[in-house]
Every structure is written in structure tokens, then in C-alpha cells.
Amino acid sequence: MTLRITDLGKRYAETPVFEHVTLEVADGEFVAIVGESGVGKSTLLNCMAGLDSWDAGRVVHDGTDIGMLDADARALWRRRHVGFVFQAFHVLPHLDVAQNVALPLMLLGRNDPPRVAGMLDAVGLAGLGPRLPQQLSGGQLQRVAIARALIHAPALLLADEPTGNLDPGTAARVMDVLLSQTRAQGASLVLVTHSETAAARADRVLHLSAEGIRV
Ligand SMILES: Nc1ncnc2c1ncn2[C@@H]1O[C@H](COP(=O)(O)OP(=O)(O)OP(=O)(O)O)[C@@H](O)[C@H]1O
């Protein structure tokens with residue numbers, strides 16, 4: 001999937017967050033987005049997922065103009081084609097690990113326990129499916145979130161500071177899993193990060209500022 005963002009602008013009331021953001025992410029490419037706190041990196045990622053609205057410009061995924069979809073069509077499109085990993089994991093506490101990972105499949109009406117078990121194995125959590133999230137470490141929780149984000153084989157993975165809550169050693173291991181699994185599936189990855197170490201692993205690093213985006 002190619003993601004094409006053209007002349008995107010976003011404001012809250014009269015205050016612009018960013019303007020004239022133009023970028024493209026190719027099939028299987030890993031792009032990191034960096035920039036000062038408050039320039040709108042998370043907002044841009046949310047626009048890419050159609051989770052947030054924008055005031056100017058276009059977001060087009062593989063020929064689908066996301067701005068032209070109504071809320072239901074956007075949700076369905078997102079469910080099929082996008083995976084999301086957040087800094088704070090957002091693992092559901094009352095579901096066990098396997099149920100958390102299976103959630104995107106369930107939402108698509110699919111039940112595939114062997115795929116869930118295979119994905120847990122791939123992220124280094126083999127055998128932990130029956131555990132509750134409260135019985136896991138931060139690094140393990142983020143690997144659950146990565147498995148969940150990729151279980152339905154999305155074309156695009158969006159990660160917002162996925163290692164921000166982890167110590168450097170755990171962060172490096174979580175990045176290894178994130179990259180190896182994203183590449184194994186041939187998905188594109190857009191990573192928002194303050195970590196130079198994480199950004200250095202990207203194919204391209206884009207710098208967001210109030211004026212737009214530059215390489
Ligand atoms: N709902 C909202 N209403 C008004 N302003 C908002 C809202 N959400 C975000 N903002 C503002 O939009 C700007 C961009 O926020 P965003 O979280 O996207 O920045 P960021 O670059 O990801 O920051 P950080 O690196 O600190 O996470 C900030 O100035 C923020 O205060």
C-alpha cells in the first residue's frame with residue numbers, strides 16, 4: 001500500500017498545528033517522524049489512520065481517499081488495513097493475552113487460534129496466551145500490542161512512541177520485534193519517536209515542524 005499525504009493542514013480553532021504536510025510512504029517502507037514536542041506528530045499519525053480530521057489537503061491510501069469516506073466506511077477501512085501501537089500499550093485488562101491479540105480478527109468476523117498462537121510465538125510470548133495483562137512486564141505488554149496490531153496482516157502499521165515507556169534494553173528488543181514482524185508481513189511502518197536510536201533504524205526520517213515536513 002502506498003500512503004500519499006498532500007498539503008495536509010490541521011488546526012484547533014484558530015491555532016494551526018501544522019500546514020502543507022506532503023509525504024509518501026511506499027509499500028514495505030519504514031518511515032520515522034521526529035520533531036519537537038507539540039508540533040503535531042501524534043495528530044499527523046491519527047490523521048493517517050483516519051482517527052482525526054484535518055482542515056486542508058488529502059490522505060490517500062492505495063487509491064482510497066480517506067477524507068471521502070463517511071465514519072462507518074472509515075472505521076471498516078481502518079479495521080482491515082491499519083494496525084496501531086501506542087506508547088501506553090492499550091491492552092485490555094479483562095481479556096487474556098491471546099484474546100487481546102485475537103481482537104482485530106474477531107472484529108473482522110474471523111476466528112483463527114493457530115494464527116494467534118503463531119503470532120505470540122513470533123513476538124516471543126509463546127505459552128503466555130492464557131495470562132492476564134497484569135501478569136506481564138512492560139516489554140511483554142508492548143509485544144502483545146505489536147502482535148495485536150499485526151494479527152490481521154494490515155498493510156500499514158502506525159506506531160506512536162512504542163518504546164517511550166520502556167528501559168533502553170527492553171526498548172531495543174521491542175524495536176527488533178516490531179521491525180522483524182512488520183518486514184515479515186511486508187507492511188509499511190510509520191513510527192513517531194523521540195528516540196534517535198529508533199529513528200536511526202528507519203529507511204527515511206522526516207522532520208515535522210509548524211512549517212511542514214522535511215527530510
Ligand atoms: N483536542 C485538542 N484540542 C486543542 N489542541 C490540541 C488537542 N489535541 C492536541 N492539541 C494540540 O495540538 C498540538 C499537537 O499535539 P500532538 O500531540 O500531535 O503533538 P506531538 O508532536 O505528538 O507532541 P509530543 O511529542 O509531546 O507527543 C499540541 O500543541 C497540542 O496541545
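Values below: every heavy atom of this structure, side chains too, minus hydrogens, waters and symmetry copies. Each ligand, and each atom within it, is numbered from 1 in the order the structure gives.
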Can you confirm whether Arg80 sits close enough to His152 that some side-chain heavy atom of one is under 4.5 Å from a side-chain heavy atom of the other?
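A side-chain contact under 4.5 Å is absent here.
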Out of Val174, Val177, Asn165, which residue meets the side-chain contact (heavy atoms from CB on, under 4.5 Å) rule with Gln142?
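Passing option: Val174.
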Single hit among Leu157, Thr193, Leu178 for side-chain contact (heavy atoms from CB on, under 4.5 Å) with Pro162
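When Leu157, Thr193, Leu178 are each tested with Pro162, the side-chain contact (heavy atoms from CB on, under 4.5 Å) holds only for Leu178.
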Just to verify, what does Arg204 make a side chain to side chain donor-acceptor pair (under 3.5 Å) with, not counting sequence neighbours?
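Partners of Arg204 by the side chain to side chain donor-acceptor pair (under 3.5 Å) criterion, ordered by chain and then number, come out as Glu29.
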Residue pairs, two or more places apart or on separate chains, that pass side-chain hydrogen bond (donor to acceptor under 3.5 Å, both in side chains) and touch residues 36-48
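Found Ser42-Asp160.
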Residues which pass ring-ring contact (aromatic ring centres under 6.0 Å, His included) with Phe86, listed by chain and number, not counting sequence neighbours:
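ring-ring contact (aromatic ring centres under 6.0 Å, His included) check on Phe86 returns Phe84, His90.
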Non-hydrogen atoms closer than 4.0 Å to ligand 1: which protein residues do they belong to? List them by chain and number, please.
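Residue list for ligand 1: Tyr12, Val17, Glu36, Ser37, Gly38, Val39, Gly40, Lys41, Ser42, Thr43, His194.
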